[in-house]
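Notes follow once the structure below has been shown.
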Amino acid sequence: MSNIRHALSVKRADDFAQWYQEVISAADLAEDSGVRGCMVIKPWGYGIWERIQRLLDQRIKDTGHDNAYFPLFIPLSNFEREAEHVEGFAKEMAVVTHHRLIAGPDGGLIPDPEAKLEEPLVVRPTSETIIGDAMARWVQSWRDLPLKLNQWANVVRWEMRTRMFLRTSEFLWQEGHTAHETAEDAKEHTMRMLEVYRACAEEDLALPVIAGEKPENERFPGAVETWSIEAMMQDGKALQAGTSHYLGTNFAQASGIRYQDREGTQQLCHTTSWGVSTRMIGGVVMTHGDDDGLRVPPAIAPWQVVILPMLRDKPEDAALIGYCSELKAAIGAQSALNEPVRVLLDTKPGKAAAKRWDWVRKGAPIIIEVGGRDMENGVVSLLRRDRLWDAATGKSAFETPTREAAGEGIGAMLEQIQTALLDEARARRDANITRGVETTEQLANFYNSGERFPGWVEVQWARPTGAALDKVVEFLKEHKLTIRNVPRGGNAADGTCIFTGEPAVERILVARAY
RNA sequence: CGGGGAGUGGCGCAGCCUGGUAGCGCACCUGUUUUGGGUACAGGGGGUCGGAGGUUCGAAUCCUCUCUCCCCGACCA
């Protein structure tokens with residue numbers, strides 16, 4: 001195995017953070033932009049985002065939501081309405097104060113002091129307040145409810161420390177906002193969208209996640225309940241991959257979202273909001289990436305199959321391209337994961353072997369190389385990205401099905417790869433959730449001894465609140481730990497609280513996190 | 001935002017301490033030769049050294065300021 005020459009220079013095991021950076025650039029996902037905390041998402045990376053968008057958008061529409069678009073700029077006074085919300089986001093806001101530039105004293109441009117805005121505009125870090133404003137106008141009667149909206153947008157949060165995809169100052173996301181008659185309806189909807197995220201993560205991104213409720217200290221500013229899906233990365237850390245919030249009547253109160261009920265009395269709406277972002281892509285990298293680059297799950301791969309003819313810049317090339325075109329047509333006529341197979345015939349000049357490694361790094365699920373001899377024999381050389389190497393020989397694990405077999409079998413193979421990636425990630429996660437830790441000493445030791453892989457630990461607790469919870473969080477912080485969530489549908493508690501010694505009421509997941 | 005590291009052709013680096021207008025590998029271009037699998041030979045194009053200012057006859061090399069990135073921390077999707 002040691003004779004395998006991998007496509008990346010850094011291995012996951014040697015330096016996970018650096019490896020992550022290398023995958024981003026080697027797979028051509030994104031690059032630095034020169035603007036603090038902002039990245040350029042390149043075609044392959046954006047193509048993956050577009051796939052996520054398409055699949056998730058359908059799920060969102062299937063649950064009765066309509067898309068709309070609200071302004072990037074939010075009047076400061078509008079944003080100020082919900083106290084906790086303001087407190088939560090105030091520290092990381094971009095603010096627009098001028099609307100014109102003029103020549104400065106040193107030749108450059110400066111904001112025109114004469115063109116100062118009457119009221120500053122904040123660049124949305126999320127849109128609860130401005131959408132709440134619209135909801136207040138749109139909702140009059142109980143007949144208008146539930147109101148279920150979604151928007152695909154960019155948001156800005158002035159982060160202190162950024163990382164490609166995981167935390168950038170500007171990021172792309174989807175934010176859903178709904179208004180309901182009752183707390184029950186709204187809570188139910190919060191859970192419904194959490195389930196949509198769970199399904200999207202697992203079925204589309206092949207990211208096994210654990211859905212559960214966030215502890216009080218991790219709630220979204222202004223939320224009554226915050227739920228999340230958590231995924232385990234290959235270094236054992238947790239990544240919050242999506243959140244769903246029950247907002248109670250907090251934002252309805254702040255924005256005046258009221259309806260007249262069946263008895264004719266004014267009532268406050270109960271609202272929800274939920275979002276997932278381009279951060280998901282970081283999760284895909286850290287879950288499915290390997291020492292040869294990215295492995296993109298077929299469902300979200302812009303190209304699922306890439307055909308590389310071994311061109312020689314000679315007249316014979318025409319026949320080879322013809323052979324490959326027929327293969328492409330046969331594959332394109334197949335379907336996988338309920339969609340036509342997305343296949344690219346890459347005729348860009350260049351050596352097939354070199355191009356192959358480009359696609360390996362990018363993570364195309366299936367790469368098919370076709371040379372003259374393949375053509376003569378009526379076969380193709382097929383490489384599955386999820387099983388790149390032949391462990392026995394240390395060489396690329398090519399298969400050589402006939403062209404017909406390759407064409408017909410591709411759909412099933414893509415579905416197998418999708419499943420294999422999910423299974424692999426799930427097995428790794430399940431093997432790294434430790435139970436039976438009963439004291440804080442054991443917990444601290446588990447993470448600090450360095451003897452074992454730093455996965456997640458499930459412990460029982462009494463769900464302390466307020467100052468008691470602060471104490472717990474403080475202890476965890478000392479060991480760089482966080483409470484991820486209280487898994488939904490987890491086993492009932494049957495012991496004592498690891499922190500307080502009281503009878504436990506539920507089980508929580510503790511982990512280091514991104 | 002605090003601590004540490006770093007910014008030199010597309011990528012990875014050397015040069016900087018001991019100032020004298022830039023070098024290597026890969027990639028790229030051309031030609032030749034090859035070619036069933038990342039690995040041939042030769043020739044060639046491309047950078048003024050993150051940015052601004054300063055010291056100096058002269059700066060990638062010294063000084064000041066600034067921008068950006070990476071790692072750790074505090075904060076967060």
Side-chain angles (χ1 to χ4, degrees), chain A residues 4-10 15-18 20-22 24-26 28 31-39 87-93 106-108 125-126 154-175 197 214 217-221 226 228-231 238-245 273-283 292 308-314 316 320 349-361 367 369-377 379-381 383 388 395-396 398 400 477-478 480 482 513-514:
Chain A
I4 290 177
R5 181 182 161 199
H6 288 290
L8 301 185
S9 63
V10 184
D15 187 337
F16 197 77
Q18 207 187 320
Y20 177 75
Q21 294 293 137
E22 189 174 353
I24 303 284
S25 67
D28 229 16
E31 67 181 20
D32 184 46
S33 66
V35 181
R36 184 187 193 90
C38 298
M39 62 179 172
E87 198 185 330
F89 285 109
K91 311 177 287 300
E92 50 189 50
M93 306 288 292
D106 303 320
T126 178
N154 59 334
V155 288
V156 169
R157 299 180 185 178
W158 211 263
E159 299 291 346
M160 291 294 96
R161 184 179 176 192
T162 60
R163 283 159 176 268
M164 290 260 190
F165 289 108
L166 300 177
R167 175 164 293 102
T168 45
S169 295
E170 177 190 18
F171 57 93
L172 306 182
W173 78 347
Q174 145 284 313
E175 52 179 321
Y197 287 163
K214 284 293 201 184
N217 63 304
E218 300 264 1
R219 272 183 208 140
F220 173 76
T226 286
S228 73
I229 51 172
E230 304 280 334
L239 180 76
Q240 178 175 306
T243 50
S244 185
H245 316 289
S273 70
W274 23 277
V276 303
S277 70
T278 36
R279 166 181 259 202
M280 286 278 224
I281 295 174
D292 296 295
L308 299 173
M310 302 187 62
L311 303 175
R312 295 176 161 186
D313 209 13
K314 289 183 176 167
E316 304 89 276
L320 189 58
K351 287 194 151 189
K355 291 201 293 182
R356 172 171 107 229
W357 286 103
D358 289 341
W359 286 109
V360 163
R361 283 185 286 263
I367 297 166
E369 286 186 27
V370 185
R373 198 180 305 163
D374 288 321
M375 183 165 62
E376 280 170 34
N377 297 335
V379 302
V380 301
S381 298
L383 197 54
L388 203 55
K395 292 187 175 170
S396 300
F398 278 106
T400 52
K477 209 168 182 177
E478 279 174 35
K480 301 180 197 167
T482 58
Y514 279 99

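On a predicted model such as this, the values are computed, not experimentally measured, just so you know. Throughout, protein chains are lettered first and strands after them, A, B, ... in sequence-line order, and every chain is numbered starting at 1.
- With both pairing distances under 3.5 Å, G43(B) is matched to C29(B) as a Watson-Crick or G-U wobble pair.
- There is no side-chain donor-acceptor pair under 3.5 Å between E218(A) and T226(A).
- Taking atom C1' in both U39(B) and A27(B), one finds a spacing of 14 Å when rounded to whole Å.
- Taking the six-membered ring for Trp and thresholds of 30 and 60 degrees, F220(A) and H245(A) have nearly parallel ring planes, at less than 30 degrees apart.
- Take the nearest nucleotide of RNA chain B for F165(A) and for E369(A): the residue whose nucleotide is more 5' is E369(A).
- Checking C71(B), C75(B), G38(B) against the side-chain heavy atoms of Q21(A) singles out C71(B) as nearest.
- Nucleotide C1(B) is matched to G73(B) when pairs are restricted to Watson-Crick or G-U wobble geometry with both distances under 3.5 angstrom.
- When Watson-Crick and G-U wobble pairs are counted only if both distances are under 3.5 Å, C17(B) pairs with no nucleotide at all.
- The side chain of R36(A) lies closest to U68(B) when the candidates are U68(B), G38(B), C75(B).
- Base-pair partner of G9(B): not found among the strands shown (Watson-Crick or G-U wobble, both distances under 3.5 Å).
- Salt bridge annotation for E230(A)-K214(A): present, with a cationic side-chain nitrogen under 4.0 angstrom from a carboxylate oxygen.
- Set against A77(B), U39(B), C72(B), the side chain of K351(A) has U39(B) as its closest nucleotide.
- If you measure from atom CG of D32(A) to atom P of G50(B), you get 15 Å, rounded to the nearest angstrom.
- For E316(A) and U35(B), the CD to P distance is 13 Å, given to the nearest whole Å.
- For the pair Y514(A) OH and C71(B) P, the computed distance is 9 Å after rounding to whole Å.
- Base pairing of A59(B): no nucleotide in any strand meets the Watson-Crick or G-U wobble criterion (both distances under 3.5 Å).
- For the pair M160(A) CE and C71(B) C1', the interatomic distance rounds to 17 Å; values are reported in whole Å.
- The interatomic distance linking M164(A) (CE) with C70(B) (P) rounds to 7 Å, in whole Å.
- Along RNA chain B, the nucleotide closest to V35(A) and the one closest to K480(A) are compared, and the more 5′ of them pairs with V35(A).
- Using a 4.0 Å heavy-atom distance criterion, G371(A) is classed as a base contact.
- When each of C1(B), G38(B), C72(B) is scored by its nearest atom to the side-chain atoms of R163(A), the top-ranked nucleotide is C72(B).
- D358(A) pairs in a salt bridge (Lys or Arg N to Asp or Glu O under 4.0 Å) with only one of the listed residues (R361(A), R356(A), K355(A)), which is R361(A).
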